[in-house]
Protein chains: 2
Amino acid sequence: MLFFAYRDFTSEPDALLAGQGFGRAHHRVIYFVGRHPGMTVSDLLTILKITKQSLARVLRELVDQGFVAQAPGERDKRQRRLSLTAKGLSLERALTERQLARIERAFAQAGTDAVEGFKRVMMGITDDPSLGRRNQP
Amino acid sequence: MLFFAYRDFTSEPDALLAGQGFGRAHHRVIYFVGRHPGMTVSDLLTILKITKQSLARVLRELVDQGFVAQAPGERDKRQRRLSLTAKGLSLERALTERQLARIERAFAQAGTDAVEGFKRVMMGITDDPSLGRRNQP
DNA sequence: ATTTTATGTCAGTCATGTTGACATTTTGCC
DNA sequence: GGCAAAATGTCAACATGACTGACATAAAAT
């Protein structure tokens with residue numbers, strides 16, 4: 001079930017991104033940066049659990065093409081605080097829109113109690129759910 | 001949540017498979033062939049939604065190394081009816097064991113009603129859930 | 001002053017997907 | 001009986017997104 005749900009959940013954004021020359025990895029970055037504006041590169045690495053070399057490639061493309069903005073941290077100037085540009089935000093909305101529609105449809109069909117149960121189980125499956133709802137620093 | 005759950009759900013088997021020189025794609029084949037013994041190549045293609053060239057590579061490795069057996073169909077001799085060998089079954093159990101433990105833990109924590117809700121929502125997210133519980137022909 | 005941290009970069013590799021083209025065997029239909 | 005369609009295979013080239021390993025730089029912390 002997880003395989004099917006995940007496969008179909010990602011298929012629409014994947015198709016949309018392919019047109020832009022982007023892939024699923026770009027979507028993840030856009031999504032999480034959109035959710036947590038001001039996050040640093042290492043925050044992103046912790047969430048995605050990939051290597052910095054892998055992240056660097058997609059992040060560079062997103063920054064070069066003006067989807068993601070970066071600014072040095074105020075207290076710590078080594079950090080790159082990441083955020084979406086207007087262009088990035090617009091893409092984020094286009095991508096999330098499809099997925100949101102899918103989730104809302106599923107939630108509506110299943111009912112409120114089902115949604116509550118769904119969330120509880122999903123949290124239980126995840127190793128450390130606290131990493132999922134990470135604090136903005 | 002789907003991203004985190006899927007990532008963690010696959011991480012343990014991935015690690016186990018890496019030792020054998022296999023990957024997640026091999027796991028999928030082993031899983032579905034184990035669930036539906038006697039399925040054909042095109043059944044598998046329909047479920048996985050990948051190209052036959054992609055499937056051919058992993059399937060060949062699994063057959064060559066004696067994890068998957070194949071036999072011509074009785075009525076239709078063009079078909080390859082796939083099944084797990086003893087070796088394949090043993091690997092399948094080792095892989096599924098970890099995932100089952102994870103799911104059982106999550107289910108136990110969340111409670112019976114939550115599980116019911118979880119399943120309803122997951123079905124709603126999937127495009128065509130009927131493809132998920134495919135009939136043995 | 002030195003170490004640690006946050007980040008970047010180059011280079012090579014691997015797993016898994018893709019497209020396109022063509023071959024073989026078997027089935028099914030006219 | 002003959003021929004199209006179906007089930008499957010194979011070769012080749014390519015893209016994406018992950019990986020390891022090694023080294024570099026600037027800022028912070030000790």
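Letters A, B, ... mirror the listed sequences (proteins, then strands); counts begin at 1. Values below: all heavy atoms of this structure, side chains included; hydrogens, waters and symmetry mates excluded.
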Checklist entry - Is any side-chain nitrogen or oxygen of His26(A) closer than 4.0 Å to OP1 or OP2 of dT16(D)? => result no
Next on the checklist: Using whole Å, what does the distance between atom P of nucleotide dA18(D) and atom CZ of Arg57(A) come to?
Outcome noted: 8 Å
Next on the checklist: Need to verify one output field. Residue with the more 5' nearest nucleotide on DNA chain D, Thr51(A) or Arg60(B)?
Outcome noted: Arg60(B)
Checklist entry - Does Thr85(A) reach the main-chain N or O of Phe67(A) with its side chain, forming a donor-acceptor pair under 3.5 Å? => result yes
Item to check | Atom-to-atom span, CG of Leu55(B) to C1' of dT18(C) - whole angstrom | outcome: 14 Å
Next on the checklist: Please tell me if Ser54(A) has a side-chain N or O lying less than 4.0 Å from either OP1 or OP2 of dC19(D).
Outcome noted: yes
Checklist outcome for this item: The contact string for nucleotides 22-30 of chain D, one letter per nucleotide 5' to 3', using protein heavy atoms under 4.0 Å with B, S and - for base, sugar-phosphate only and none, comes out as B----BS--
Item to check | dA18(D) base / Arg24(A) side chain donor-acceptor hit below 3.5 Å | outcome: no
Next on the checklist: Suppose the criterion is salt bridge (Lys or Arg N to Asp or Glu O under 4.0 Å): which pairs have a residue in residues 62-76 of chain B, not counting sequence neighbours?
Outcome noted: Asp76(B)-Arg78(B)
Next on the checklist: Taking only side-chain N and O atoms of Arg81(B), does any of them lie within less than 4.0 angstrom of OP1 or OP2 on dA7(D)?
Outcome noted: no
Checklist entry - Using a cut-off of less than 4.0 Å, is there contact between a side-chain N or O of Ser42(B) and OP1 or OP2 of dA7(D)? => result no
Next on the checklist: What's the separation between atom NE2 in His27(A) and atom CD in Gln99(A), rounded to the nearest 0.5 Å?
Outcome noted: 4.5 Å
Checklist entry - Any ion pair linking Arg102(B) and Asp127(A) (charged N to carboxylate O, less than 4.0 Å)? => result yes
Item to check | Distance in angstrom units between Lys49(B) NZ and dT19(C) P, rounded | outcome: 14 Å
Next on the checklist: Is it true that, when you exclude Lys77(A) itself, more than 12 heavy atoms of the residues, nucleotides or ligands shown sit nearer than 6.0 Å to its NZ?
Outcome noted: no
Next on the checklist: For Asp43(B) and Thr46(B), which I'm curious about, is there any donor-acceptor pair between the side chains at under 3.5 Å?
Outcome noted: no
Next on the checklist: From CD1 of Ile50(B) over to P of dT16(C), roughly how many Å is that when rounded to an integer?
Outcome noted: 10 Å
Checklist entry - Is it true that a side-chain atom of Thr96(A) and a backbone atom of Arg93(A) form a donor plus acceptor pair closer than 3.5 Å? => result no
Checklist outcome for this item: To the nearest angstrom, the CG-P distance between Leu62(A) and dT16(D) comes to 13 Å
Item to check | Separation of atom CG in Leu45(A) from atom P in dA18(D), rounded to whole Å | outcome: 11 Å
Item to check | Distance, rounded to the nearest Å, where Gln20(B) contributes CD and dC14(C) contributes P | outcome: 19 Å
Next on the checklist: Expressed as a whole number of angstroms, how long is the span from Leu59(B):CG to dA7(D):P?
Outcome noted: 17 Å
